[in-house]
Amino acid sequence: MKHLLLFSLVLGFSVAYPSSSEQLELLIDQVYPDISTYLTRDQIRTLFEELSVVVHKARTLEEIAKAMSKPIINTLTPEQKSECWESIQKAQKGFGGFQQLKVIFFHSMDAVQDFMGDSMEKDRAEVVGKSSGITEDEKLTLIYEVFRQYFNIEFGQKVMDTVKYSMTERDWLIATADAAQYLKVENFNLVY
């Protein structure tokens, strides 16, 4: 009888509180295939696992981008690296040089930080507040639940709109020239 009761409690707890791997799978399901199929599910999983570590230390989107650059590069196949580099070079030429590309990139990052910075800080404080006395798996579950708020089509569109209107129409057209290669563009409004 005790074993049956214990089993029922464990089963009930695991259903009520999904594991981090279950939350990660739900997160991946939001991204693949509705947002992008450029990366495989395994590549997306690897990047979210890396991002869950980075967000503990990085406080701004710029810090997150810098910390994630190496994991992103390491996750891409040689062919994907080549394709991405070609897109970067095309954008660089369109913007009139690498320095101008950097200016536009960091200007758009600032716009997104202004748009979602307060929300990120609130979510960070909430996760930290709930993290006391729980397992690492439960912490990851909380983090992946928060990620699900950000990695979806609706929020992605809001971010794109923020970036879009931080640029000129010409710059937006250059920035999105290869979007169909990386995003499922039919699920987004890329019109300026």
At what distance, to the nearest 0.5 angstrom, does [atom1] of [X] lie from [atom2] of [Y]?
X: Ile35; Y: Ile28; atom1: CD1; atom2: CD1; result: 12.5 Å
X: Phe151; Y: Leu26; atom1: CZ; atom2: CG; result: 15.0 Å
X: Ile44; Y: Leu51; atom1: CD1; atom2: CG; result: 13.0 Å
X: Phe95; Y: Ile174; atom1: CZ; atom2: CD1; result: 5.0 Å
X: Glu145; Y: Leu27; atom1: CD; atom2: CG; result: 11.0 Å

Is it the case that the side chain of Glu169 and the backbone of Tyr192 share a donor-acceptor pair, with hydrogens and angles ignored and the cut-off at 3.5 Å?
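The answer is no, because no donor-acceptor pair under 3.5 Å joins these two groups.
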
Tell me if a side-chain donor or acceptor on Ser82 pairs with a main-chain N or O of Pro78 at a distance below 3.5 Å.
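Not a single qualifying donor-acceptor pair exists.
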
Are any of the side-chain heavy atoms of [X] and [Y] separated by less than 4.5 Å?
X: Leu47; Y: Met68; value: yes
X: Arg59; Y: Arg124; value: yes
X: Ile134; Y: Lys139; value: yes
X: Ile143; Y: His56; value: yes
X: Thr37; Y: Lys184; value: no
X: Tyr150; Y: Met116; value: yes
X: Gln30; Y: Ile153; value: no
X: Thr75; Y: Leu39; value: no

Can you check salt bridge (Lys or Arg N to Asp or Glu O under 4.0 Å) on Glu126 and Lys130, steps first, answer last?
CA-CA 6 Å; Glu126 187 174 315; Lys130 291 179 178 178; 3.3 Å; yes

Using distance alone, with no hydrogens and no angle criterion, decide if Gln100 and Gln92 have a side-chain donor and acceptor under 3.5 Å apart.
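No pair is found: no donor N or O on one side chain lies under 3.5 Å from an acceptor on the other.
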
Quiz question: by atom type and distance under 3.5 Å, do the side chains of Tyr32 and Thr40 form a donor-acceptor pair?
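No donor-acceptor contact under 3.5 Å links the two side chains.
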
Using the rule that two of Ile, Leu, Val, Met, Phe, Trp, Tyr join whenever any of their side-chain heavy atoms come within less than 4.5 Å, decide whether [X] and [Y] are in one cluster.
X: Val103; Y: Ile88; answer: no
X: Val128; Y: Val146; answer: no
X: Leu173; Y: Leu183; answer: no

Could you walk me through whether Ile104 and Met109 pass the side-chain contact (heavy atoms from CB on, under 4.5 Å) test, one step at a time?
CA-CA 9 Å; Ile104 288 172; Met109 290 289 284; over 6 Å; no

Report the residues that fulfil side chain to side chain contact (heavy atoms under 4.5 Å, CB included) with [X], sequence neighbours left out, ordered by chain and then residue number.
X: Thr135; value: Asp137, Glu138
X: Asp161; value: Gln157, Lys164, Tyr165
X: Ser36; value: Tyr38
X: Ala179; value: Thr176, Val185, Leu190

Provide the closest heavy-atom pair for [X] versus [Y] in the form atom of the first, atom of the second, distance.
X: Ser87; Y: Tyr182; value: OG-OH, 2.7 Å
X: Arg170; Y: Gly94; value: NH2-O, 2.6 Å
X: Thr141; Y: Ser20; value: OG1-N, 2.9 Å
X: Ala58; Y: Ile64; value: CB-CG1, 3.5 Å
X: Thr162; Y: Ala111; value: CG2-O, 3.4 Å
X: Leu140; Y: Ser52; value: CD2-OG, 3.5 Å

Residue pairs involving residues 73-83 (criterion salt bridge (Lys or Arg N to Asp or Glu O under 4.0 Å); sequence neighbours excluded)
none

In terms of heavy-atom contacts, does CG of Asn189 have more than 12 from other residues, nucleotides or ligands at under 6.0 Å?
yes

Could you give all pairs that pass the ring pair (Phe, Tyr, Trp, His ring centres under 6.0 Å) test and reach residues 98-130, with sequence neighbours left out?
Phe115-Phe155

I'd like to check the side-chain hydrogen bond (donor to acceptor under 3.5 Å, both in side chains) partners of [X]; sequence neighbours left out, ordered by chain and number.
X: Glu25; value: Arg41, Arg45
X: Glu49; value: none
X: Lys158; value: none
X: Thr168; value: Asp171

Residues which pass salt bridge (Lys or Arg N to Asp or Glu O under 4.0 Å) with Asp114, listed by chain and number, not counting sequence neighbours:
none

Test salt bridge (Lys or Arg N to Asp or Glu O under 4.0 Å) applied to Lys122 - qualifying residues, sequence neighbours left out:
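Listed in chain order: nothing, the list is empty.
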
Do Lys66 and Glu62 sit within salt-bridge range, that is, some charged N less than 4.0 Å from a carboxylate O?
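Salt bridge between Lys66 and Glu62, a charged N being under 4.0 Å from a carboxylate O: yes.
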
Parallel, tilted or perpendicular: ring planes of Phe147 versus Phe48, cut at 30 and 60 degrees
tilted

Going through the checks in order, is the side-chain contact (heavy atoms from CB on, under 4.5 Å) test met by Met120 and Leu61?
CA-CA 9 Å; Met120 283 176 46; Leu61 289 176; 3.7 Å; yes

